[in-house]
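Order of the sequence lines fixes the chain letters, A, B, ..., with proteins taken first and strands second; residue numbering starts at 1 for each chain. Keep in mind it's a predicted model, so treat the numbers as computed, not measured.
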Number of protein chains: 2
Amino acid sequence: MSEPISGESLLFLTDEQLQQGIEGMFFAYRGFTADPDRILEDLNRHRDQNYGRAHHRAVHFIGRAPGTTVKNLLEILGVTKQSLNRVLRTLMADGLVEGKVGGSDRRERNLYLTEAGAALERQLSQVQRERMRAAYRAAGPEAVRGFRQVLEAMMDKEMRKKYGALRDKAND
Amino acid sequence: MSEPISGESLLFLTDEQLQQGIEGMFFAYRGFTADPDRILEDLNRHRDQNYGRAHHRAVHFIGRAPGTTVKNLLEILGVTKQSLNRVLRTLMADGLVEGKVGGSDRRERNLYLTEAGAALERQLSQVQRERMRAAYRAAGPEAVRGFRQVLEAMMDKEMRKKYGALRDKAND
DNA sequence: CTTGGAATGTCAACAAAGCTGACATAAACT
DNA sequence: AGTTTATGTCAGCTTTGTTGACATTCCAAG
C-alpha cells in the first residue's frame, strides 16, 4: 500500500496540521448537533416528553433503515442494549416507533417509525441537512468529495461497513 | 457512485447525499474519539482516577492554549462553569493542571498543564493524531483541503472564531 | 470611595445517558 | 436435548451535563 508521493508530499503533515484537524472535528461536531438539540429542547418544554440526542439517533437510524433489528441498531450506535432499550421503550410508548416480530427469525424485532415518528425524524433531519447543505455549498463540490473521503478513512472498519450498508440500502 | 454533473452544479445536492454526510460525521466522530477513550479506560483501571472525555477536552485545550482563562475555556467547551469546574478541580487536585492568578486582571485564573498533565496530553493526542494522519494519508492532500473547508463551514460563527484563534496562537 | 458588574469557586439537587451484572423468555441452531 | 442468540427488564452505579443560590475578589465607573 505504498502511497505514491504525490505533488504535495504528505510528509509535510505536521503535528500542527493534525491538531487543527482534531479541533476542526470537535468544533464542527458541535455545530452539527446544535440544531436538532435546540429543537428537542423546545419540544420538551412544550410537551411531556424528554427526548435528547439518544432519541434523535435512534429515530434517525430507524428512519434510515426501516425494519432494522435491535441488534443492528446496537452495533450502529455502539451502546449497550440496556441503554438503547430505555430509549426505544419511551419511543414505543409514545407511539413514535413500533416493533414487529421478525418474519424469518421470530426472535428479532423489526423496527419502524410510525407516522408521528417519521414526522419528528423529518423535523430533526431537516435542520441538520440544511446546515450540511450550507456547508457543502460554501465549500464547493471538490471539497465535498474530499470531506467524505477523509470522514470515511477516519472510521473504524466495522463502522465503515455499517456506513456503506446504509448507503447501499438507500440506493435500491 | 453517481457523481453529480461536476462543475458548480450544487443544485444537485440530494437529500440522500446530505444524509450520507450526516452519517459520515456520526461514524467518523465515533472513530475520532475511540482511541483516547480506550486509553483513559485503561488508565482508570490501573490508577485511582476516573477521567473521561471531559477531562481529555480540558487537558487538550489547556495544552493547546497555555495560560487560557476559565471563561475562555467555558466558551470553547460550551458547558456550564459548574460542569467544567468539577473537571478542573480533579485535574488540579491530581497535579495535572495548575491555575495562576492573572497578571493584568487578578480575578482571572490562567491555566497551565504541569509536566504530568502535559505527559497525559501527549499520550492522548498522539493516538488521535495517528488516526488523523492515517486518514489524511489515505485520502490525499486535495481531500484534506476539502475536509477542512467543509468542517469550518459547518461550525457556528463563534466557534469558527475560537477555532481560528487557536490556530493563530499556535503560529506565532 | 463606593457601588455595580465580571470572573471565579462552590454547594446542593437533579437529569440524561452511558455502564455492569443478573436473570428471564422465546426462538433458532446443532 | 442442550446451547446459543435476540430481546427485554430490574437494580444500581458513574460521568457529565443542567439550574439555582450564594460568596469572594477585583476592576471600573460614577
Subject >> Touch class at under 4.0 angstrom, heavy-atom based, for A/T90 against every strand present >> reply: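 The answer is nothing, as A/T90 stays clear of every strand by at least 4.0 Å.
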
Original post:
Using a cut-off of 4.0 Å on non-hydrogen atoms, how would the nucleic acid contact of A/G78 be classed: base, sugar-phosphate, or nothing?
Top reply: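 It contacts sugar-phosphate atoms only.
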
Original post:
Does a distance-only test, which skips hydrogens and angles, find a donor-acceptor pair under 3.5 Å between the side chain of B/R107 and the base of D/dT25?
Top reply: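 No, no donor-acceptor pair under 3.5 Å.
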
For [N] and [X] - does any side-chain N or O of the residue sit under 4.0 Å from the phosphate oxygens OP1/OP2?
X     : N      : answer
B/T80 : D/dT18 : yes
A/R89 : D/dT7  : no
B/H55 : D/dT15 : no
B/R86 : D/dT14 : no
A/N50 : C/dA15 : no

Could you state the atom-to-atom distance from [atom1] of [X] to [atom2] of [N] in whole Å?
X      : N      : atom1 : atom2 : answer
B/L73  : C/dG9  : CG    : P     : 11 Å
B/L111 : C/dG9  : CG    : P     : 8 Å
A/N110 : D/dT7  : CG    : C1'   : 13 Å
A/D105 : C/dC29 : CG    : C1'   : 10 Å
A/Q82  : D/dG8  : CD    : C1'   : 9 Å
A/N85  : C/dG21 : CG    : P     : 18 Å
A/L74  : C/dG18 : CG    : P     : 11 Å
B/R109 : D/dC27 : CZ    : P     : 12 Å

Subject >> All pairs passing ring-ring contact (aromatic ring centres under 6.0 Å, His included) where residues 58-110 of chain B contributes a residue, at least two apart >> reply: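 Matches after skipping sequence neighbours: A/F26-B/F61, A/F27-B/F61.
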
**OP:** For B/R148 and A/Q20, test the side chains for any donor-to-acceptor distance below 3.5 angstrom and give the result as yes or no.
**Re:**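 There is such a pair between these side chains.
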
Subject >> No-hydrogen, no-angle side-chain donor-acceptor test under 3.5 Å, B/Q126 and B/E130 >> reply: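 Not at all, the side chains of B/Q126 and B/E130 share no donor-acceptor pair under 3.5 Å.
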
Subject >> Side-chain ion pair, B/K157 and B/E152, N-O less than 4.0 Å >> reply: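 Judged by the 4.0 Å cut-off on N to carboxylate O distance, B/K157 and B/E152 do not form a salt bridge.
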
Original post:
Would you call A/R53 and A/D37 a salt bridge, taking side-chain N to carboxylate O under 4.0 Å as the test?
Top reply: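 Yes, charged N to carboxylate O under 4.0 Å.
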
If you check the [X] side chain, which of [options] turns out closest?
X      : options               : value
A/R106 : C/dG9, C/dA28, D/dA11 : C/dA28
A/V79  : C/dA15, C/dG18, D/dG8 : C/dG18
B/K81  : C/dC23, C/dA7, D/dC22 : D/dC22

Subject >> DNA chain C: 5'-proximal contact among A/A54 and A/G103 (nearest heavy atom) >> reply: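 That would be A/A54.
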
